[in-house]
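As structure tokens, the structure follows; a few thoughts come after it.
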Amino acid sequence: MAAIKPLPTALQKIAIDELNEIPTRIAKDLGALKLWIKQQPHLKARMDDQFLIQFLRGCKYSLEKAKSKIERFYTMKTKFPHFLGVYDLDNEKLRQVNRLGCVLPLPTPLNDNGCRLIMCNFDYNPKEYQMEEIFHPGVAMYEIFTIDDPYASICGIITIVDMSRMTMAHLMQANVVFFKAVVTYMEKSLPLRIKSICFVNIPALAHSFFKMLLPLFSEKLRQRIFLFANLEELQQHIPLKYLPAYYGGENGTMEEHIKDLESKFDEYRDFFKENAKYGTDESLRYGETSDVDNLFGIGGSFRKLEVD
């Protein structure tokens, strides 16, 4: 029997109806995935049922797609350890960055049983921190989602990026290598469905930011990127109740969000230390060397968000 956490009834129905999950087949599907991992000499991956089932769910139980995501997940973490190699959750710099509140999940999902909402902002001093450092707590957060958060795992995630504090100094930290790594990691490696990315309070200087960022997304994800001039526009599409208190909503305070994520870091510190053992060894790979850079597309457009 598979060692996985049971889902709430409503989420189990979504897993069956939308993700092609057949509960009686889970053990067999996990077994097939584990067998494939064991047959890859270059790949050392976690074999925990709770971890692996999310790759099946995130790929709607396509075994081949799940294999590709696991392969890419570990290739990315091996290739870009400076961006994605987050293993010590007791690291003081990581804890300092988390307390800035730049990347935080909200406690109540959209419509109470829907997507996990994530708030991001640029409220940090670029003289003290680099953009990739700001992303590190987010790396840990997303990986915790895969094994801990049924709403993110089943319904997906909506990210709200408040750009009101973005300055030219922040923009100068942005570079295409970092953004390529982040976009590929989020879209092509993590087994979480990205339902939308909402940018709000967009300053004029952000034009070059979007010019760099947009071509990195797939066409599918570009259709899920939305721009809002202000909070009033955002609140027309994501009900005010589900936004945080500092936006006038009911979904917790920043202090509460930071404390909650800190608690998760405490809970999963050993899990992340163990993660340092996993990755890829390109010298042992059969066939062609993996090239994650060819995963990016070009073109696309923005549109407004519609939330049911």
Side-chain angles (χ1 to χ4, degrees), residues 14 18 58 101-106 108-123 131 134-135 138 141-142 145 149 151-152 154-167 170-171 174 176 178-180 182-190 192-251 257 295-308:
I14 294 173
E18 298 183 16
C102 294
V103 183
L104 293 170
L106 303 186
T108 303
L110 183 65
N111 300 325
D112 298 318
N113 284 297
C115 301
R116 177 63 63 198
L117 297 166
I118 301 160
M119 297 300 306
C120 301
N121 64 63
F122 290 85
D123 194 9
M131 194 173 289
I134 298 300
F135 186 63
M141 176 191 72
Y142 288 118
F145 281 173
D149 186 345
Y151 296 98
I154 302 300
C155 300
I157 57 178
I158 292 177
T159 301
I160 301 167
V161 183
D162 187 340
M163 306 185 77
S164 60
R165 298 294 185 91
M166 174 182 263
T167 66
H170 292 110
L171 194 57
V176 72
F178 171 65
F179 280 131
K180 273 190 176 183
V182 170
V183 170
T184 303
Y185 179 70
M186 294 296 300
E187 183 181 6
K188 302 293 186 179
S189 304
L190 277 179
L192 301 171
R193 296 194 292 169
I194 301 174
K195 304 301 285 188
S196 63
I197 304 173
C198 306
F199 292 92
V200 64
N201 293 326
I202 303 162
L205 59 82
H207 175 75
S208 56
F209 173 83
F210 287 118
K211 187 175 181 180
M212 179 192 304
L213 188 65
L214 178 58
L216 305 180
F217 292 105
S218 69
E219 177 60 29
K220 178 180 179 180
L221 192 51
R222 283 194 293 271
Q223 296 301 313
R224 299 181 181 184
I225 297 176
F226 312 101
L227 302 183
F228 299 105
N230 51 51
L231 292 178
E232 288 70 27
E233 284 191 7
L234 176 67
Q235 291 168 11
Q236 291 174 17
H237 299 276
I238 296 181
L240 181 62
K241 173 183 176 181
Y242 298 102
L243 294 176
Y246 52 88
Y247 280 4
E250 302 174 19
N251 212 347
H257 305 156
L295 296 172
F296 306 119
I298 59 173
S301 61
F302 294 105
R303 59 192 176 86
K304 285 291 185 78
L305 169 64
E306 298 296 339
V307 175
D308 296 331

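Numbers here simply count residues along the sequence, with the first being 1.
Aromatic ring centres of Phe209 and Phe179: separated by under 6.0 Å.
Side-chain contact annotation: Gln236 with Glu232, donor-acceptor N/O pair under 3.5 Å absent.
How far CG of Asp112 is from CG of Leu110: 8.5 Å, rounded to the nearest 0.5 Å.
The minimum heavy-atom distance linking Val103 with Ile134 is given by the pair CG2-O, 4.0 Å.
When atom types are taken as modelled, the side chain of Asn111 and the backbone of Gly114 share no donor-acceptor pair closer than 3.5 angstrom. A donor-acceptor contact shorter than 3.5 Å links the side chain of Asn121 to the backbone of Gly101. Remark: the backbone N or O of Asp162 is not paired with any side-chain donor or acceptor of Asn201 at under 3.5 angstrom. Glu233 places a side-chain N or O within 3.5 Å of a backbone atom of Ala229 that can act as its donor or acceptor partner.
Residues Cys155 and Asn113 are not in side-chain contact: their nearest non-hydrogen atoms beyond the backbone lie 4.5 Å or more apart. Side-chain contact between Tyr247 and Met119 is present, with heavy atoms from C-beta onward closer than 4.5 Å.
Phe199 pairs in a ring-ring contact (aromatic ring centres under 6.0 Å, His included) with only one of the listed residues (Phe228, Phe210, Phe226), which is Phe210. When the options Leu192, Ile154, Thr159, Asp149 are evaluated for a side chain to side chain contact (heavy atoms under 4.5 Å, CB included) with Arg116, the one that passes is Asp149.
Evaluation of the ring pair (Phe, Tyr, Trp, His ring centres under 6.0 Å) rule for Phe122 yields His170 as partners, not counting sequence neighbours. With sequence neighbours excluded, the residues that form a salt bridge (Lys or Arg N to Asp or Glu O under 4.0 Å) with Glu18 are Arg193.
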